[in-house]
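Working notes, beginning with the structure itself.
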Amino acid sequence: MHEAYDVHHVQEKWLPIWDAIEPFKSGRADDPRPKKYVLDMFPYPSGDLHMGHAEAYALGDVIARYWVQKGFNVMHPIGWDSFGLPAENAAIKRNADPRAWTYENISVQKASMRRFACSFDWDRVLHTSDPEYYKWNQWLFLEMYKKGLAYRKDSPVNWCPNCQTVLANEQVVAGLCERCDSEVTKKKLNQWYLKITDYADRLLDDMEQLEGQWPEKVLMMQRNWIGRSIGAEVEFEIEGRAKPVVVYTTRPDTLHGATFMVVAADSELAAELVQGTGVESDFAKYLEGVKAASDIDRLATDRPKTGVFLNRYAINPVNGAKLPIWASDYVLADYGTGAIMAVPAHDQRDLDFARAMKLPVSVVVETGEEDPNATGVATTGEGVMINSGSLNGLKKADAIAKVIEELSASKKAKAAKNYRLRDWLISRQRFWGTPIPIIHCPTCGEVPVPESQLPVELPDAVGLDLKPKGTSPLGAVESWVNVPCPACGAPAKRDADTMDTFVDSSWYFLRYTSVNRGDVAYDRAEVDTWLPVDQYVGGVTHAILHLLYSRFFTKVLFDMGKLNFTEPFTKLLNQGMVLMDGSAMSKSRGNLVRLSDELATHGVDAIRISMVFAGPPEDDVDWADVSPAGSAKFLNRAWRISGDVTSKAGVDFTTGDLALRKIVHKALHDISFAVESFRFNVAVARVMELVNHTRKAIDSGCGAADPAVRESAEAIAISLSLVAPYTAEEMWERLGHKPSVALAGWPAIDQSLLGADNVTAILQVNGKIKDRIEVAPNISDADLEKLAMENAEIKAAIAGATISKVITRAPKLVNIVL
RNA sequence: GCCCCGAUAGCCCAAUGGCAGAGGCAGAGGACUUAAAAUCCUCCAAGUGUGGGUUCGACCCCCACUCGGGGCACCA
């Protein structure tokens, strides 16, 4: 009869013991260990934890637990991103209080995390929906307001008709609402923005520091998103208009090739230029059509170019040519100046437009490609300038420099940069978020709520109609919205919008250091100690939004002198998603795997190890490909070894079987290396290998009593503590030790055991393997070459031939080239 | 259309430019058992997507392509 290992009993057994020991408490003032900050992205409290959480937290836990074993004082906190639409929508659906729904889910998730053996420091927990937290959102907003970084403006904004709220650019995916996939429309509203564009250059340039530390993919996505382009702004005089029109171009070198100008149809400039031209009605008709077309239609890049001639002319500053001005929807109102110079010969979009409208095409760069007039394909290759006056014969870079220099003398042009990135719209017309701490007074205008009155707390939701109506539900709460103006005392109204929840998550990593401080957002000394985050772990879904905003906030706080670093997350690991049968799990697809079911069947450890072992952490895990039953089997094998050991705890390992000891130390070394390079699947494989070797040593090798077997069993327990905490703890106890194995410490590796006695050298002729010989690891090139020449196989292979070259790489290889 | 990443055994995945296989899943055979489960042992398979190149030597570096995944997309 084999002993059975009852996973559920073991789980219940250890939880209260861990609660008592608190192995992962990080706030002890006298802690002499060096510090490390390991952070998992905090969850949104919608229902219980799911498979995706399980993977993310299993991976983060390996890292946190590893650094604890290596002797670090690891801060590994958790919290909840607990403001947001789902709570509000659920509340509307059930006619309940979003607060109650939110905090119930939090307590369910918290209990699940504890059972999942997450190594969180439970004394550092925050919820962004607590007034103690969002007070500091408001404080930060006001600090930014003081610096001019928070401002209000009227502009057409992305509007989700289903959520009945505005969306940030970042929350519109392919013209659809990120949350509900409704088609996003435009609406002109007066809204609050944060001036992230002021930081565009630094957000871009500081990524150099993150190179090699963050996934290349994320850096690339952020670069793309910021979308800096370098070019020039050029002034074009307009006939019959006092002020010139400025255009932005990345190709000022092709200025001589400009044959017309295009302004965005929906821009104020177009509306102004058309006045008094006699074509007002044509323009109005065209604009109507443009406005009717949704963003989705606009996204189709292959649709034919349309536009209307405005019956006006611009003057090309380099040659005085008269350029007809057109309005079209292929020029964007909110990029650059909303007006372009069209160079159809060398820009495909301009060429398409020119051909549609029968406008002239003038080639000014000789690229060796076919004439765009004939082919309809704009030539964009490198070449020399032609038909360009003083620029003739120059290459692109020189022509750009020269034309800017020439025009800048008369202030007609200057070098300029442009960004795809727009300012961050943070107003939301919803209830469950941070109230914007501004009071609107009929006489004083917008007045910040005095700091002493923070937080501006949300009113009670009970009895409130939270259904989306296009204006914030807060506006309807008379007792809340009506306040005296802090400046003049006259009746005034609170701003009834709430903040985008991405504001909450843009600085939460700072708050963990000081969750109990009511008087400051964060304790400066604590933040100086713990930050920046050494290791951040989370999904690639936040590659742009959350990470960019957090980087922005960090730089703002740095500029305010409130932080001493400019990048919040030193290293980033993006885990993949958990799929089922090749696609994302969903109820509608019918491929949902419930975490609770998997845990009930296989136990926490088996699920954790399955997640970690499934493949590289950044790859998606297809649950159809993993075998939690196999993981459970492996854990059983490991556990049984701890029961087989017969030597006493504390036995001198150095008297143990040398062969096994070498395997143990090599394994410990490899596991460390694999964990530190995020190859957790490889680390688990090494533990499996060690278990296999130890099994063999017990059954048919040095025997269960050998000290090396105990050394190995303890190494297995400690290694497993990173990924299978219950099994590891159980093993550790059976091996005669006191809990917790999480604090056992990573065994010191004996370097003298890492070198092999003998290594196998490969003997090749012309790169083909002829024989293998055992040699000493420190053999010299000369000796190895000598052995090769004396080898029978080699002699046979090279008999009669002339040796042209011998490559020797002691102690691994000799290659004889004939 | 542009950019990024990937492709190794039936499957998931390993392999500082130097023996293609560490580990697992699935499969086959055996031991134990009255039997089954569990457990243990043994076995099994690809020459690394395709075509070139560099090199004494390429899964690894370079070029072109195919397929898959992802990002951006009228940003001047």
Side-chain angles (χ1 to χ4, degrees), chain A residues 1-4 173-174 215-225 227-229 231-232 247-252 254 258 262 264 298-303 305 328-332 334-343 346-350 352-353 418-422 540 543-544 576 582 609-610 613-616 618-622 624-631 633-634 636-637 640 667 670 674 679 681-692 695-696 699-700 760-769 771-772 804-809 812-818:
Chain A
M1 246 318 228
H2 278 275
E3 291 167 283
V173 179
E216 192 49 48
K217 186 176 159 185
V218 174
L219 296 177
M220 186 202 69
M221 284 166 74
Q222 293 216 353
R223 283 193 188 102
N224 255 332
W225 189 262
R228 179 165 65 194
S229 88
V247 305
Y248 172 75
T249 176
T250 54
R251 294 294 303 276
T254 62
V262 186
R298 281 190 70 142
L299 284 172
T301 54
D302 52 352
R303 74 203 172 102
K305 294 279 184 287
S328 173
D329 65 352
Y330 89 88
V331 170
L332 305 176
D334 60 352
Y335 183 79
T337 60
I340 63 152
M341 64 177 213
V343 184
H346 307 295
D347 182 286
Q348 191 61 46
R349 296 155 302 181
D350 297 343
D352 292 344
F353 191 82
N418 251 303
Y419 306 89
R420 217 188 73 99
L421 182 72
R422 306 294 149 82
V540 74
I544 299 172
I609 212 162
S610 297
F613 184 57
E618 59 275 13
D619 287 5
D620 290 344
V621 176
D622 195 326
D625 293 331
V626 307
S627 169
S631 300
K633 201 168 88 178
F634 159 67
N636 253 292
R637 274 165 67 77
R640 278 201 309 278
D670 288 355
R679 284 147 59 243
N681 53 326
V682 177
V684 172
R686 291 283 169 273
V687 183
M688 290 175 169
E689 201 177 2
L690 183 57
V691 167
N692 291 344
R695 181 81 263 154
K696 211 164 272 182
D699 292 346
S700 55
T760 306
I762 304 148
L763 306 184
Q764 299 176 323
V765 174
N766 284 340
K768 298 275 190 306
I769 294 154
D771 202 5
R772 302 175 171 96
S804 64
K805 199 173 181 183
V806 179
I807 292 119
T808 307
R809 296 281 179 275
K812 300 189 73 173
L813 158 134
V814 179
N815 185 16
I816 298 163
V817 185
L818 302 180

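- Base pairing of B:G27 is made with B:C43, judged by Watson-Crick or G-U wobble geometry with both donor-acceptor distances under 3.5 Å.
- Of the charged side-chain nitrogens involved, at least one lies within less than 4.0 Å of a carboxylate oxygen, so that A:D334 and A:R422 count as a salt-bridged pair.
- The base of B:C19 is not paired with the side chain of A:K812 by any donor and acceptor separated by under 3.5 Å.
- Within residues 684-691 of chain A, the residues having any heavy atom closer than 4.0 Å to RNA chain B are, in order of number, A:A685, A:R686, A:M688, A:E689.
- Between atom CG of residue A:N418 and atom OG1 of residue A:T250 there is a gap of 10.0 Å, rounded to the nearest 0.5 Å.
- Considering only side-chain atoms of A:R637, the nucleotide from B:A76, B:C41, B:C56 that sits closest is B:C41.
- Ring-plane geometry between A:Y248 and A:Y335 is classed as perpendicular, the angle between the planes exceeding 60 degrees on a 0 to 90 degree scale with a lower cut at 30.
- No hydrogens or angles were tested; on distance alone, a donor-acceptor pair under 3.5 Å links the side chain of A:Q764 to the base of B:G18.
- The pairing partner recorded for B:C72 is B:G1, the criterion being a Watson-Crick or G-U wobble arrangement whose two distances lie under 3.5 angstrom.
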| message | I'd like to know whether A:I340 forms a side chain to side chain contact (heavy atoms under 4.5 Å, CB included) with A:D347, so could you lay out the CA-CA distance, the side-chain angles of the two residues, the decisive distance to 0.1 Å, and finally the verdict. | response | CA-CA 12 Å; A:I340 63 152; A:D347 182 286; over 6 Å; no
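- Taking a pair to require two hydrogen-bonding distances under 3.5 Å in either a Watson-Crick or a G-U wobble arrangement, B:A35 remains unpaired.
- Taking A:S328 as the reference, nothing meets the side chain to side chain donor-acceptor pair (under 3.5 Å) condition, with sequence neighbours excluded.
- B:U66 is paired with B:A7 under the criterion used here, namely a Watson-Crick or G-U wobble arrangement in which both key atom distances are under 3.5 Å.
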